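Scroll down for the structure; my scribbles are underneath it.
Chain letters run A, B, ... following the sequence lines, proteins first, then strands; residues in each count from 1. It should be emphasised that the depicted structure is a prediction, and the values quoted were computed from it without experimental measurement.
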2 protein chains.
Amino acid sequence: MNISDVARRTGLSNKMVRHYESVGLIQSPPRSAAGYRQYSQRNVDELAFIAHARTLGFSIAQIGDLLSLRQDPHRASREVKAVAQQHLQELDARMQQLKHMKSLLAEMISQCPGDDDPHCAILQRLETSDSNGFTGDNLS
Amino acid sequence: MNISDVARRTGLSNKMVRHYESVGLIQSPPRSAAGYRQYSQRNVDELAFIAHARTLGFSIAQIGDLLSLRQDPHRASREVKAVAQQHLQELDARMQQLKHMKSLLAEMISQCPGDDDPHCAILQRLETSDSNGFTGDNLS
DNA sequence: TCTCAACCTTCACATGGGGGTAAGGTCAAG
DNA sequence: CTTGACCTTACCCCCATGTGAAGGTTGAGA
């Protein structure tokens, strides 16, 4: 199987398949005489696993951990669960930030008339903001 | 005022101040004989505006638009509102993706025993996933 | 056999929003 | 005159890709 076949079967791009190889997420497959990468079904399964994990937002590093656990018959499911729970916490933190941004922004939008007049509460509140709900949190 | 004073007053780093200049978000300030950037209160106000907008998650490009509108006395608040609403939609889209990821991940976690046994529903569902709720949406 | 499209390869650079570090110039106090 | 805290530019790093260049390979048809 050439790289495009694998890409089609996994829903990844050719570039992503090469990228995952270059960062060590998958092993370098054997090459044909012309230097083409030659993939097996096993590679396809692994890349599909990666694609699914990316869909869930796992980082490359986390997927590396998951792949190690996947191929280790002596793993404890506790370890897998720990990686997933860590990621869930990260998702939750991002969600909280987004919620905070959204509520502030929505409030500001509701205060802007949105007409032909230059007066705008959004701009005003961006000038002098701290009294209006900014907490000094980290940027996203 | 030197760059560190501005950074302290706006909560930005020196790097960020220079960065915003290099990408054209703010004008290059005059320099002292030694080449030090010399800032005025006006620059501080502008950078504080930028910092607040970043807190709300606006992109550099969007902030550029907001700054143009800010300094245009003939603006319509409608235009400002449009930028903010566009951004709100983007935040909402990100939120939906996060929610989707979170719910799938939380469900998978709940199905993993998390003990010493190698059997793990998380790994299983990452192998063969489409029947378990994946929609083929874009990655985040 | 020649050609052409559709593959494949590597390399380098872009994105966003900066962080880190280096190598050097400058300023003010002691 | 030294020391330390400034300042400058310039480079590479992160993440997870996308884009494009420049070139080699393969297979099918004319």
Side-chain angles (χ1 to χ4, degrees), chain A residues 1-26 28-39 43 47 49-67 87 90-91 93-94 97-98 101 137-140, chain B residues 1-26 28-39 43 47 50-67 87 90-91 94 97-98 101 137-140:
Chain A
M1 239 184 303
N2 283 342
I3 196 168
S4 288
D5 303 308
V6 175
R8 268 189 291 269
R9 287 178 207 219
T10 58
L12 298 168
S13 67
N14 297 23
K15 285 283 184 184
M16 287 159 80
V17 175
R18 290 195 199 98
H19 180 65
Y20 294 152
E21 176 188 337
S22 79
V23 298
L25 214 47
I26 59 171
S28 299
R31 304 288 187 119
S32 73
Y36 289 18
R37 289 172 178 80
Q38 303 287 270
Y39 294 94
N43 298 131
L47 284 161
F49 181 96
I50 293 171
H52 295 144
R54 286 292 304 139
T55 300
L56 288 175
F58 283 101
S59 71
I60 297 290
Q62 286 171 324
I63 295 175
D65 294 344
L66 292 176
L67 285 171
H87 178 47
E90 292 160 7
L91 290 182
R94 287 209 268 157
Q97 282 202 352
L98 276 183
M101 287 181 186
D137 283 354
N138 295 336
L139 303 180
S140 151
Chain B
M1 240 184 300
N2 283 342
I3 195 167
S4 288
D5 304 308
V6 175
R8 267 188 291 269
R9 288 178 206 220
T10 58
L12 297 168
S13 67
N14 296 25
K15 281 276 189 183
M16 289 159 79
V17 175
R18 291 195 197 97
H19 180 66
Y20 294 152
E21 177 188 337
S22 79
V23 298
L25 212 50
I26 58 171
S28 298
R31 304 289 187 118
S32 73
Y36 288 18
R37 289 172 178 80
Q38 302 289 271
Y39 294 94
N43 298 131
L47 284 161
I50 293 171
H52 295 144
R54 287 290 304 140
T55 301
L56 288 175
F58 283 101
S59 70
I60 298 289
Q62 286 171 324
I63 295 174
D65 295 344
L66 292 177
L67 284 171
H87 178 47
E90 292 161 4
L91 290 182
R94 287 208 267 157
Q97 281 203 353
L98 276 183
M101 286 180 187
D137 283 355
N138 295 335
L139 301 182
S140 146

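Judged by closest nucleotide on DNA chain D, A:His19 is the one of A:Tyr36 and A:His19 placed further toward the 5' end. Positionally, the nearest nucleotide of DNA chain D for B:Gly35 lies more toward the 5' end than for the other of B:Gly35 and A:Ala33.
Distances shown here put every side-chain N or O of A:Arg31 at or beyond 4.0 Å from the OP1 or OP2 atom of C:dC8. Between B:Arg37 and D:dC7 there is no side-chain polar atom (N or O) within less than 4.0 angstrom of OP1 or OP2. OP1 and OP2 of D:dA16 both lie 4.0 Å or more from every side-chain N or O belonging to A:Tyr20. In this model, the phosphate group of D:dG18 is approached by a side-chain N or O of A:Ser13 to a distance below 4.0 Å at OP1 or OP2. For the OP1/OP2 pair of D:dA5 and a distance below 4.0 Å, the side-chain nitrogens and oxygens of B:Ser4 include no atom meeting the criterion.
For B:Asp5, the salt bridge (Lys or Arg N to Asp or Glu O under 4.0 Å) partners at least two apart in sequence or on another chain are B:Arg8.
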Is there a side chain to side chain contact (heavy atoms under 4.5 Å, CB included) between B:Phe58 and B:Ile50? Walk through the geometry before answering.
CA-CA 9 Å; B:Phe58 283 101; B:Ile50 293 171; over 6 Å; no
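The distance between atom CZ of B:Arg54 and atom P of C:dG16, rounded to the nearest whole Å, is 11 Å. Distance, A:Gln38 CD to C:dC7 C1': 12 Å, rounded to whole Å. A straight line from OH of A:Tyr39 to P of C:dC7 spans 16 Å, rounded to a whole angstrom. Atom CG of A:Leu12 is separated from atom C1' of D:dT17 by 11 Å (rounded to the nearest Å). Note: CZ (A:Arg8) to C1' (C:dA6) measures 11 Å, nearest angstrom. In this structure, A:Asn14 atom CG and C:dA6 atom P are separated by 15 Å, rounded to whole Å. Rounded to whole Å, the distance from CG on B:Leu56 to P on C:dG17 is 14 Å. Distance A:Arg18 CZ to C:dC8 P: 7 Å, rounded to the nearest Å.
Atom CZ of A:Arg94 and atom CD of A:Glu90 lie 8.0 Å apart (nearest 0.5 Å).
Side-chain contact between B:Arg18 and B:Ile3 is present, with at least one heavy-atom pair separated by less than 4.5 Å. Within the 4.5 Å cutoff, the side chain of B:Arg31 has heavy atoms near those of the B:Arg37 side chain.
The side chain of B:Ala34 lies closest to C:dT26 when the candidates are C:dT26, C:dG17, C:dT9.
For the helix from C:dT1-D:dA30 to C:dG30-D:dC1, the rotation axes defined at the first and last 5 base pairs enclose an angle of 40°, given to the nearest 10°.
The residue A:Ser59 sits close only to the backbone: its heavy atoms come under 4.0 Å of sugar-phosphate atoms, none of a base.
Residues B:Leu47 and B:Ile26 approach most closely at CD2-CD1, 4.0 Å, considering heavy atoms.
In the interface, the side chain of B:Lys15 is not paired with the base of D:dT8 through any donor and acceptor atom under 3.5 Å apart.
For B:His87 (side chain) and B:Leu56 (main-chain N/O), a donor-acceptor pair under 3.5 Å exists by modelled atom type.
For the residue pair A:Glu21 / A:Ser28, a side-chain donor-acceptor distance below 3.5 Å is found, with atom types taken as modelled.
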